Each structure stands twice: as C-alpha cells, then as structure tokens.
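Lettering of chains follows the sequences in order, A, B, ..., and the numbering in each one begins at 1. Given the structure is predicted, the values throughout are model-derived calculations rather than measurements.
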Amino acid sequence: MRSHGCGDLRRDAVDQTVQLCGWVDRRRDHGGLIFLDLRDRSGTIQITVDPELAGNLRNETVLQVVGRVQLRPEESLNERLATGAVEVIASQLTVLNAIKKTLPFAVSVHDDGNVREELRLRHRYLDLRRERMARNLRLRHSTIRAARTFLEGEGFIEVETPILTRSTPEGARDYLVPSRVCGGEWFALPQSPQLFKQLLMVGGLERYYQVARCFRDEDLRADRQPEFTQLDIEVSFLEQEEILDLNERLIAAIWKTAKGIELPLPFPRLTWQEAMDRYGTDRPDTRYGLELVDVSDIATHSGFKVFSGAVAAGGAVKCIAIPGGNEALSNVRIKPGGDVFSEAQAAGAAGLAFIRVIEGVDPETSFDVGGNLVGINTIGAIKDGFTKAQMAELLERSGATPGTLLLFGAGDTATVNKALDRVRQYLARELGLVPAEASNEAWNFLWVVDFPMFGFNSEENRLEALHHPFCAPNPADLGSDPASWAAALPSARAQAYDLVLNGLELGGGSLRIHDSALQRQVLQTIGLPQEEAERQFGFLLEALDLGAPPHGGIAFGLDRMVMLLAGEESIRDTIAFPKTQQARCLLTQAPADVAAQQLRDLHVASTWSDAD
RNA sequence: GGGACUGUAGUUCAACCGGUUAGAGCACCGCCCUGUCACGGCGGAAGUUGCGGGUUCGAAUCCCGUCAGUCCCGCCA
C-alpha cells in the first residue's frame, strides 16, 4: 500500500516510483494543475496532480498516491519544507476515505492553531493528527523509553501491579469498583502502587519499576487528572544518598534523550527546614533571589504591635527585599486593593507591611547600615515602633540598599510563609526574573530532603503523615530504644525526599519502614487504632516480619514531567485522551448511565436523583 | 463546596454606552486560473448570539437561573 513516508522523500529519491498514503493537508487548485500537500506521520510532501485524476479532494481526505518523484523546477524549491526539493507527479489517486461531514476544526498547522479545548477534546482523534499533539505524544514516548533504557541498564525489572485492589485509609478519595462475585464488597483503584512495590521488595526483586496508572477522585487542576501516570521505582539495600544519585542519573538520561540537554549532577540538596525558612515553601523555585528573611527576633521587641503581637502569639515576621523595588512597584500596587497586596491576601495574609529604603541624607533620621547612611519611607507606626538600633539591624539583615523595597508578612508562621511564597513567585514573574525557557538556567533541579514525618491536621485535631505512613523516620531522631519511639516520632524527620524543578514537585519518595513494630507505632501516631491497623495493613505488617529488606523508592509524575519537557501548561496536552475539569470524557461521554440490570448484578442501588 | 473568566456562522474572532439587515478571515458550495506552497480572482450559501426566564418601546449587549469549558481556593497521605 505504501512504499515511503511522505516526509522521507529527498533528492536521492528522484525518478523512483513511490506509493504514498496520508491525509490531504491542503490543496492549491490552479485549474489546469493541482498541488496537494499530503501528510502522514513522517511529514508532508507536495503532490502534483492532473485535474483529470482528481476527484473531490477536501482537506483530511485519506488518500493513496502512486507517482514518480521529480526534482522541483529551480524557481519552485521550498526551503521551509523538509521535502521541498522534490515533488511527486501523481499517476494514480485512490481515495481511501472521503470526508463526509464538515470538519469541526482545521487540522493543518497552517490554519489557525487556536481551537477551543472543548472541541479538541470532543474530536480528539482530529486533534491528535495536529502537529502539537503529535509532537507531545512522541515526546512522552521518548521520555518513557529513555527511562526504560536507563533502568534496564541498572538492572531493574518492570512489574505490573493490580488495578483492582483494596481501599486504604488516608489520602485521596478512592475510585470504587463493586464486586459482583463478592456481593457487598468493593475494590478500589490504586492511588499509587505504594504497598505493592514494597511487597515486591519483600518478594526479593530488589529493583522494580513501572509506568503505573494511578487514580484519585479529587477535584482537578491544570496539572491534575483523575487518572494519571507515575514512573514508579523501588529498590532494596540502598542508602538514601544512593537512591538520590540513581534517580538524578535517571533524570539526566531522560533530559538527554528527550531534550538533548546535559544536566549538571549532582542536583543541589536543601533541607525541608531551610526551604521553608528561605522560601516559605517545600518546593522552592531557586532560579531567582527574593529570599525570605526572618526578622521575628527584632520585631518581637519593637513597638509596632502588628509585628510584636505576631511573634508573641508564636508566629513570625518575615520580609522579602526587592532590589529596585521602589521604582518598579508603586504604593498603589502594594497597598490594599493593589495587585501585589491581593496576592498576599489571597494566600491568607491580613496585610502586607512595607519599608522603602532610600538614600540617607539627614543623620538624624537615617541609619548606619554597614557604614552607609540609608533612610526609610514607611508608615508612621513602623517608623515610630522601632528604635534606631533595631531598624539598623533589620535593614542590615535584609541586605537592603537605597532603592530596595521591603515587603513584610506577619502572623502565624504557616500563613506568613504561604503569603510571602506567593508574593515572591508573583513578583518574579512581574519583574521578569524568571529565566527564559531556552536558557540553561531554565532547568533548575533541586532535592528537598529531611521532611518532617508528620504535620498537624487542625480540622481533625491529629497528626497525619506528611508523605505517607510508610516513610522511615530518621534514626538519629528516633533513638535505639523502642520504648522511646512513641515520644520521639511526632517531631522526627523522615528519610523522605522530593525532586523539585522550577518550583514544581516532579517526584517524591522515601526510605520505607521495614520493622513491623516501628510501622505499628507510626500507624498509631497518626491515630489509627490497633485493630484497624491490623485489619487494613495486616498483610503488610506480616510481610515485614517475614524477611523484609531495607528498601525505599520514588515516584515521578510522568504527565507533569512531559508537560514541562514539552513546554505545555496543562498535562491534558500530554495525555492522548484526557478528561475535563468535571472528570468527564467529552469524546466518549463517560461517565454514563448503565442498565439497571448491571447494577442489580453488582448488588448496587443508586441513591442519585437529579434533584440533588 | 466556593471564587473568577468564557460561550456569537463549521471554525477563529468582531459588533463601543441597550437601537446594524449580527460582520470579517479560514473552511464549505459554484465558476475562472499550469508552478503554487497560508496560491490567486469572481460569486454564493451559512446564525434560535449555549439554553430558560426577566427588565425594556427595543437585548448578542443589562439582571436572574441553568448547562458546558477554563483558571484558582478548599481538597489532592
């Protein structure tokens, strides 16, 4: 049916008779002569057709062409087309499938590429024919292939784990599947293969990976789909540092294959505490400065009640120093109603105090900062609330020089961090501090390590696992005596790590607990009653007692990784058939009604009514 | 669960403060054209302005509801 790909024809094919198959990308009808651009996945080639041969050749008609390859006339070469030196003189055209309806949108890249996403999803097969999606799916393929090739070389074995599994507590909502055979009982789709990959380690595989589909029934975002793909990895007998080393070499191999970029190794490491202190987030974007500076110790002694009160209540006062901020950011923008202020507010901050650092003129009202005389512009309450020495120390610590704008957050530490993190990211974009996509600084990898084991869930008034309840605590924080574990665990650090790229979490993992007593203690710490722990995780606890090796691993968000590699802003553009924000498939109209008999077979009755 | 934005011809967009016969490019249909490559020229068809209600002499435009899509907050161990 086909002898060549459309995009493969070059000068060396001249005089050959070829058979091509593909879609009509465009046609240019000159009356006595018709030019067709025929497109297949390899590219596009111009076909020259005698009108006698041509029937109805609308765009996207599926065509077989038999013809001879010919060098184009000198004046008709097309430099912009890979096949632009040649053309095929058609001797025979066969319409393999005609276009029988109006096209919902144009496929050819030459037409307006901006099509409503709703339409693209409803006719995804057409969208996949377009250059952008074709490129993204190939990039996804080469990303996965690079990972497989690398892991193969490191002795890993790819193992599939169940899609029908059991529901486990904590974490996201499960997608449930009723069991017909075991009436009244339910499977859950896996939120991740977490327990199975640990059991594979107990099973002696030592090195496992999987391109694993995961399911979480939570509300969606641009980078969240109800089903998504993790590159899931687990190893035995490796220390944390060895795991990090392995994984950054994996990432480097992927970036080399997919983008041709050599990433410098090792990636920087930052402790969770340092990340929170300096950036206010556990996934900092370190491509630009604007770091957070903690001035709580100075503020606590000041007469400015907003500051001293925040610290007295156990909170913090932190600031961001913005060099040149005085000129770049007007008072309107940083006061209530302004865009910068609104960013802080949106993150929960009550306000955003500021100090403008200026040239010092009058020694009376100026401050000696590292031998330089600087002055300030700010509200009276701040000016009056600080002693000269306090203000000088604050200015010195923030690194401010004349022209610098200082923005302050005060309140409970979590809110201050959240607000200033948001302001920092907003300002970096506004002030153009984020490096361009093409530059080397555009790929800023970073390991965040030493996460705490637990965070406090104030709604449920209990500790919860920050990562998941199978992370191993840092032995240095735990002590060797099991009797001390219960007291030491709540404040212990985990042997957990996240890989962060440009402020986005690309993956995360940990060493796992391989001691059943410690595992029981952790489950107890997060408030899971003993009987419940046995019922839910008995199989794991038993496995730990039957020769579980020390092990650990990681999982990368593959969709997100490909999204970043492709320069896309939504993971939907890296998935062949994604769902909408309402978790609906516009192509198949899923989810959909089922027959009443299907429900009866499954021992399920729906309580849904449209009035709900 | 909450907030914001969007919905006009097959499609991408326009239509200013409530008053037009709701326009334009591409696609589609017809005619012309042998070197174009986003070909060109002439002509044509194409609209329940997402849907339902309201305000008004008059609604694409204002208001309410609803559906769909997008972004965000909550949520996502």
Using nucleotides 65-68 of chain B, report all nitrogen or oxygen pairs with the protein that are shorter than 3.5 Å.
from: B/A68; atom 1: O2'; to: A/E118; atom 2: OE2; distance (Å): 2.7

Fill in: Close approaches to RNA chain B from residues 216-232 of chain A, in residue order (heavy atom, under 4.0 Å)
A/R216, A/E218, A/D219, A/R221, A/A222, A/R224
Discussion item. Heavy atoms within less than 4.0 Å of RNA chain B: which residues of residues 341-350 of chain A have one? Give them sorted by number.
Written reply: none
Looking at residues at least two apart in the chain, or sitting in another chain, which of them share a side chain to side chain contact (heavy atoms under 4.5 Å, CB included) with [X]?
X	result
A/Q230	A/S192, A/P193, A/C214, A/R216, A/F228, A/D232, A/A555
A/R462	A/E170, A/E460, A/E464, A/I526
A/V416	A/K318, A/L420
A/L128	A/R124, A/M133, A/L137, A/F577

Worksheet entry | Paired nucleotide for B/G23 [Watson-Crick or G-U wobble; both distances under 3.5 Å] | B/C13
Fill in: For B/U66, the Watson-Crick or wobble partner whose two distances fall under 3.5 Å
B/G50
Worksheet item: With a 4.5 Å heavy-atom cut-off, do A/Q495 and A/S510 have their side chains touching?
Response: no
Practice prompt. Sorted by first residue and then second, give each ring pair (Phe, Tyr, Trp, His ring centres under 6.0 Å) pair with at least one member in residues 44-80 of chain A; sequence neighbours left out.
Written response: none
Discussion item. Taking ring pair (Phe, Tyr, Trp, His ring centres under 6.0 Å) as the cut-off, I'd like each qualifying pair that reaches into residues 517-541 of chain A, sequence neighbours left out, listed once.
Written reply: A/F470-A/F537
Fill in: side chain to side chain donor-acceptor pair (under 3.5 Å) contacts touching residues 47-56 of chain A (sequence neighbours left out)
A/T48-A/E87
Fill in: Pairwise side chain to side chain donor-acceptor pair (under 3.5 Å) hits with a residue in residues 522-540 of chain A, at least two apart
A/R520-A/E534, A/E532-A/R535, A/E532-A/Q536
Response to the item:
Contacts of A/R10 meeting salt bridge (charged side-chain N to carboxylate O under 4.0 Å, His left out) (sequence neighbours excluded), chain-then-number -> none
